[in-house]
Amino acid sequence: MSEIHLIYEHKKIESYWQEKWSQKNLFSTNNIKNPYYVLEMFPYPSGRIHMGHVRVYTLGDVLARYKRAQGFDVLHPMGWDSFGMPAENAAIENNIHPREWTKKNIQNMKTQLKSMGISYDWNREISTCEPEYIKEQQKIFIKLFNANLIYKKESWANWDPVEGSVLANEQVIDGKGWRSGAPVEKKLLNQWFLAITKFALPLLDNLSELNEWPENVKVMQKNWIGQSIGAKLSLKIKTNKIVTNTDMIEVFTTRPDTIFGASFVAIAPDHNLSKQLAEQSAEISNFIKEWKKSFISEEDLDKAPKNGLFTKLYVLHPFTNKALPIYIANFVLSSYGTGAVIGVPAHDQRDYEFAKKYNLKINEVIQNTKEKQNTILQKAYTGDGKLINSDFLNNMTVNEAKVEIVKRFEQKGIGKKDIKFRLRDWCASRQRYWGCPIPIIYREDGKVLPVEQSELPIELPEDVDFSKGGNPLENHPTWKFTRCKKTGLKAIRETDTLDTFFDSSWYYLKFLSPKSDTNLKSKLIERWCPVHQYVGGIEHAVLHLLYSRFIVKALNSINEIDINEPFKGLFCQGMVCHKTYKDETGKWVFPEDVVKNNNQLIHKSTGKKVFAIKSEKMSKSKKNIVDPVSIIENYGADTARIFMLSDSPPERNLDWSNSGIEGSRKFIVKVWSYFNKLKLNDQDIEKTASPENNNSSDLRKQLHLCIEKVTKSLDNFQYNVAVASLREFANYFFTLTLKDNNILHEALSKWVIMMSPLAPHLAEELWQLLGYKNLVSEQKWPRYENKFLTEENINLIVQINGKKKLIINIKKGLTKEQTERIVLENRAIIKIIESNNYKKIIVVPDRVVNLVI
RNA sequence: GCCCACUUGGCGGAAUAGGUAGACGCAAGGGACUUAAAAUCCCUUGUCCGUAAGGACGUCCCGGUUCGAGUCCGGGAGUGGGCACCA
């Protein structure tokens, strides 16, 4: 029999089915009977997709297609996080307008995303730089402004000298700009802040309700918010000859129970009192000057020695009336708590180090009850124990003492319970052009006012000059000059633009009304939100995800929205990694330039030795990027998708390998060739629908096992296991033909439906080869039936002392006694128990029998 | 330093409730087809002993609970991530 040599033309096949889906408008929904909102973090339009995008969008698409097959009304939109620095850099470097550059990039990336065959509803496409988006965002800004949740304040900002802009705290990594890598400087600026700290407690508390979020993300947010429960306490300054307008110092402590161990008070160098003292003392002002210099280099903070300067002032201990010296100390932060601490060297490591250095008393007040330790402390003891040397607190536990001492503070009117957070308000000002304009005017009479609703959106001027550096909006000849609509008074526009994290903190709401005004109180939001499943990188664990939660809570608190959390389910995928190589000089080498010669790695063209470094996240600088566009071109989207889903669990890192992508391709071609050989027409379908015979019962069992495994794996985000189960079943049916199995057609049909979320183009092609005229993307997900899974016989494991000795195939459902008899009558077992009388027998019916000898 | 996660063959990884460890794939080796190669197909592949039948060991290390532990508990090591003078 001559066989026609077939070639799997992925380009033709994939574009054909993409066109079909689009014609049928298959992925568009306006039904909200059974809503399921799948969202992947939208990309910055850099112009080219990378493997990280391929992975996250494949994962999201599998879920969207799977849920659609299960009968959900799936919302699966895509848009563009299109404001931000790179567009402005491109404008400066290539003399192209940011808008033009961005639009071109969006076009390119959209084409690339479309070639992946993802089931997006492109009718809902949004872009954060468009007027419709800006308008809604400015409305939100004004709402928050009017509710006093946005305010302006002068503050030390992290100034990135390369970007020429401020950075949020979380955009500073190791004292360097997160994007530019330049050392960050301190600069005093008047900037807009969002009052996220007002929501610190609900942001923290509601984490426990997010039970479909990964635990590690919640832990990161918890640490980021950083709640400390303690007490604040006012201490009276003993002699106040020098300072006239301060006679109390307020301190915050989480260990009020150790109050009797206090031996000093330390204040921050930029504490108010320090500033006042500096005016009168050259020594103090010099100390502060020195501190300011070291303030800029923030590295090795823990290694930095603890320095302090005695102010010659004392406070009075509130209970013993003893005088405690006041120090100005470099380890006290003005930005946390009250900028002043009470030093208890015996029970705080920092205080301990400080006390050792300046010869201050170390008074032990907590006794470790578990281990008897020497009174000569080697380091501070911070654990639990019994209070000693503490007057009325003696013999209490730490927790009892905390409660009691706060009571005493309150009685004396000197302090009370207090909670502090590490979280800082969100600085949302950027001194940049390519961002959402802040809808605020400064009127000539000094009033700071939001722009009138009717004037929205405030758009960016198109004619800008980037050549001068600095903020182009500030430098624009006319844009910022305006008038107050109500009074006609002259006014100047705010020239700062918004941090792009503001743009991305509410975009999931905009998808619900992409083309019209967004009504935050609409039924649409109530029905579709919170997003059922959000998918994205863990790098956004605290920034984007916390800001989004805050925006929703802030709007909710002023009754502008009815939801309280933006994302019900969250999934964080791992990175895509690839081998890296370095040559002897330490320079990165492209993996494709490395060849193996006599068991040594050498550079293809130079012949020099190279060394394999571990697999790392794909990045340009490490030269280990694999371009998805060329992979899709050469292998097809389905091959790329299958590779992305195989082997590694989605939450872990995925190692790119050429053999892996080849393997995926082989699988696809093999399946397709098999279906081609079976090719059917309508009549054949009817023929195969003959009554079942014995031959097919095993196939049916295997099929239902496969359906069960795939369904459960997909439900648990174990996409690698789903692929494995689908391949396992394929290995089984590859050996079958329609002639000898009358339910093969049905089995293959169900298998193809299960393949369709993973490799949708291939699945459509196979569906057609099975003789169907409709689309597999419209089919219902198959159900597994337990009646086909129940087996007549099972393999009973027989163990001796817990070690597997024998497997007996017996009838399922036998009683304990029946099972025991079968085992004890088994010849091999008799042999064993004849020589060693057994002491005990454990029988778990249908599973295991264990003989103890 | 503090907090969290992870550790299973040569590699990526499977393993409802503690009950056949290594599914599925990659790599490797052998064979078939071919003038040859590629492609494809078939077989082998945790380690050790044994010609074999078979046996012993084996899920980072040490200990515990249990008839039975990759899975539960205690201690330790290593890797990765987050926070880091936060009082």
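In what follows, chains carry the letters A, B, and so on, assigned in the order in which the sequence lines appear, proteins first and then strands, with residues in each chain numbered from 1. The analysis underlying the following values was restricted to heavy atoms, covering all of them including side chains, and did not include hydrogens, waters or symmetry mates.
- Between the CD1 atom of A:Ile328 and the P atom of B:A87 there is a distance of 22 Å, given to the nearest Å.
- Within 3.5 Å, a donor on the side chain of A:Lys306 pairs with an acceptor on the base of B:C85, or the reverse.
- For the pair A:Asp257 (side chain) and A:Ala401 (backbone), a donor-acceptor distance under 3.5 Å is absent.
- In this structure, A:Ile842 atom CD1 and B:G68 atom C1' are separated by 8 Å, rounded to whole Å.
- One interatomic measurement links the two molecules: CH2 of A:Trp213 to C1' of B:G82, which rounds to 16 Å at whole-angstrom precision.
- A:Asn795 has its CG atom 12 Å from the P atom of B:A21, to the nearest Å.
- Summarising the geometry, the separation between NZ on A:Lys805 and C1' on B:C57 is reported as 12 Å, rounded to the nearest angstrom.
- Between the C1' atom of B:U40 and the CZ atom of A:Phe734 lies a distance of 13 Å, rounded to the nearest Å.
- Picking from B:C24, B:A87, B:G68 the nucleotide with the shortest atom distance to the side chain of A:Arg727 gives B:C24.
- Using a 4.0 Å heavy-atom cutoff across all strands shown, A:Lys709 reaches no nucleic acid atom at all.
- A:Lys712 and A:Glu708 are joined by a salt bridge, as a carboxylate oxygen and a charged side-chain nitrogen come within less than 4.0 angstrom of each other.
- The aromatic rings of A:Phe675 and A:Trp751 lie parallel to each other, with less than 30° between the two planes, well short of the 60° mark.
- With respect to A:Leu824, the side chain to side chain contact (heavy atoms under 4.5 Å, CB included) criterion is satisfied by exactly one of A:Thr819, A:Leu851, A:Ile830, A:Val849: A:Leu851.
- Taking 90° from 0 as the syn/anti boundary, the base of B:G9 is oriented syn.
- Within the 4.0 angstrom heavy-atom criterion, no nucleotide atom of any strand lies near A:Lys420.
- A salt bridge is defined here as a Lys NZ or Arg NE, NH1 or NH2 lying under 4.0 Å from an Asp or Glu carboxylate O, and A:Lys420 with A:Asp418 meets this definition.
- For B:A15, one of the phosphate oxygens OP1 or OP2 lies less than 4.0 angstrom from a side-chain nitrogen or oxygen of A:Gln718.
- Proximity of A:Arg422 to the phosphate of B:A84: a side-chain N or O atom is located under 4.0 Å from OP1 or OP2.
- Residue side chain A:Gln799 reaches the base of B:G19 through a donor-acceptor N/O pair under 3.5 Å, judged by distance alone.
- Comparing B:C3, B:A15, B:A87 against the side chain of A:Val219 picks out B:C3 as the nearest.
- Comparing the P positions of B:U16 and B:C6 gives an interatomic distance of 15 Å, to the nearest angstrom.
- Distance A:Gln227 CD to B:C2 C1': 17 Å, rounded to the nearest Å.
- Of the C1' atoms belonging to B:G81 and B:C43, the separation is 44 Å, rounded to the nearest Å.
- With distances taken from any side-chain atom of A:Asn731 to the nucleotides B:G25, B:C67, B:C6, the minimum falls on B:G25.
- Between the side chain of A:Asn223 and the base of B:C83 there is no donor-acceptor pair of N/O atoms closer than 3.5 Å.
- Pair assignment for B:G18 gives none, since no Watson-Crick or G-U wobble pairing has each distance under 3.5 Å.
- Note on A:Val852: only backbone sugar-phosphate atoms sit closer than 4.0 angstrom, heavy atoms only; bases stay farther off.
- Comparing atom distances between the A:Val332 side chain and each of B:G19, B:U20, B:A87 picks out B:A87 as nearest.
- When heavy atoms are screened at a 4.0 angstrom cut-off, A:Lys222 is found touching no nucleic acid atom at all.
- Two residues, A:Gly337 and A:Asn216, neighbour RNA chain B, and the one matched to the more 5' nucleotide by heavy-atom proximity is A:Asn216.
- B:G70 and B:C57: their C1' atoms are spaced 16 Å apart (whole Å).
- Inspection of the A:Asp647 and A:Asn720 side chains reveals no N or O donor paired with an N or O acceptor under 3.5 Å.
- Toward the 5' end of RNA chain B, the nearer of the two residues A:Glu728 and A:Leu851, judged by each one's closest nucleotide, is A:Glu728.
- Taking only side-chain atoms of A:Thr253, from C-beta outward, the nucleotide of B:U20, B:U16, B:A87 with the closest atom is B:A87.
- Distance noted for atom P between B:A53 and B:A37: 33 Å (whole Å).
- Pairing for B:G1 goes to B:C83, judged as Watson-Crick or G-U wobble with the two contacts each under 3.5 Å.
- In this structure, the nucleotide among B:C85, B:G12, B:A23 sitting nearest to the side chain of A:Phe331 is B:C85.
- Here B:C57 is the nucleotide among B:C41, B:C57, B:G12 with the atom lying nearest to any side-chain atom of A:Lys803.
- Pair check for B:A28 finds B:U44; Watson-Crick or G-U wobble, both atom distances under 3.5 Å.
- With a 6.0 Å cutoff to the six-membered ring centre and a 45° limit on the axis angle, A:Lys306 does not count as a cation-pi contact of A:Phe354.
- Comparing B:A14, B:A27, B:A87 against the side chain of A:Ser659 picks out B:A27 as the nearest.
- Phosphate contact (OP1/OP2 of B:A14, side-chain N/O of A:Asn720, threshold under 4.0 Å): present.
- Taking atom C1' on both B:G78 and B:U8, the two are 16 Å apart, rounded to the nearest angstrom.
- Across all strands, A:Ser646 comes closer than 4.0 Å to no nucleic acid atom at all (heavy-atom distances).
- With a cut-off of 3.5 Å on both pairing distances, the Watson-Crick or G-U wobble partner of B:A77 is B:U7.
- Using C1' as the reference atom, B:G58 and B:A69 are 14 Å apart when rounded to the nearest Å.
- Distances were taken from every side-chain heavy atom of A:Arg652 (C-beta onward) to each of B:C24, B:A87, B:C6; the shortest belongs to B:C6.
- Checked by atom type, the side-chain pair A:Arg665/A:His10 shows a donor-acceptor distance below 3.5 Å.
- An OP1 or OP2 oxygen of B:G68 is reached within less than 4.0 angstrom by no side-chain nitrogen or oxygen of A:Lys804.
- As the counterpart of B:G70, no nucleotide is assigned, since no Watson-Crick or G-U wobble pattern has both distances under 3.5 Å.
- With distances taken from any side-chain atom of A:Lys666 to the nucleotides B:G25, B:U40, B:U20, the minimum falls on B:U40.
- Distance, A:Arg847 CZ to B:G18 P: 9 Å, rounded to whole Å.
- Atom CD of A:Gln221 is separated from atom CG of A:Leu207 by 5.5 Å, given to the nearest 0.5 angstrom.
- In this entry B:A23 has no Watson-Crick or G-U wobble partner, no candidate having both defining distances under 3.5 Å.
- Contacts of A:Gln349 with the nucleic acid, taken as non-hydrogen atoms under 4.0 Å apart, are absent.
- Separating the C1' atom of B:A36 from that of B:G25 is a span of 30 Å, rounded to the nearest Å.
- Here B:A36 sits opposite no nucleotide as a Watson-Crick or G-U wobble pair (both hydrogen-bonding atom distances under 3.5 Å).
- When atom types are taken as modelled, the side chain of A:Asn624 and the backbone of A:Glu616 share a donor-acceptor pair closer than 3.5 angstrom.
- On the C1' atoms, B:G18 is 29 Å away from B:G54, given to the nearest whole Å.
- Nucleotide B:U51 forms a pair with no other nucleotide shown, judged by Watson-Crick or G-U wobble geometry with both contacts under 3.5 Å.
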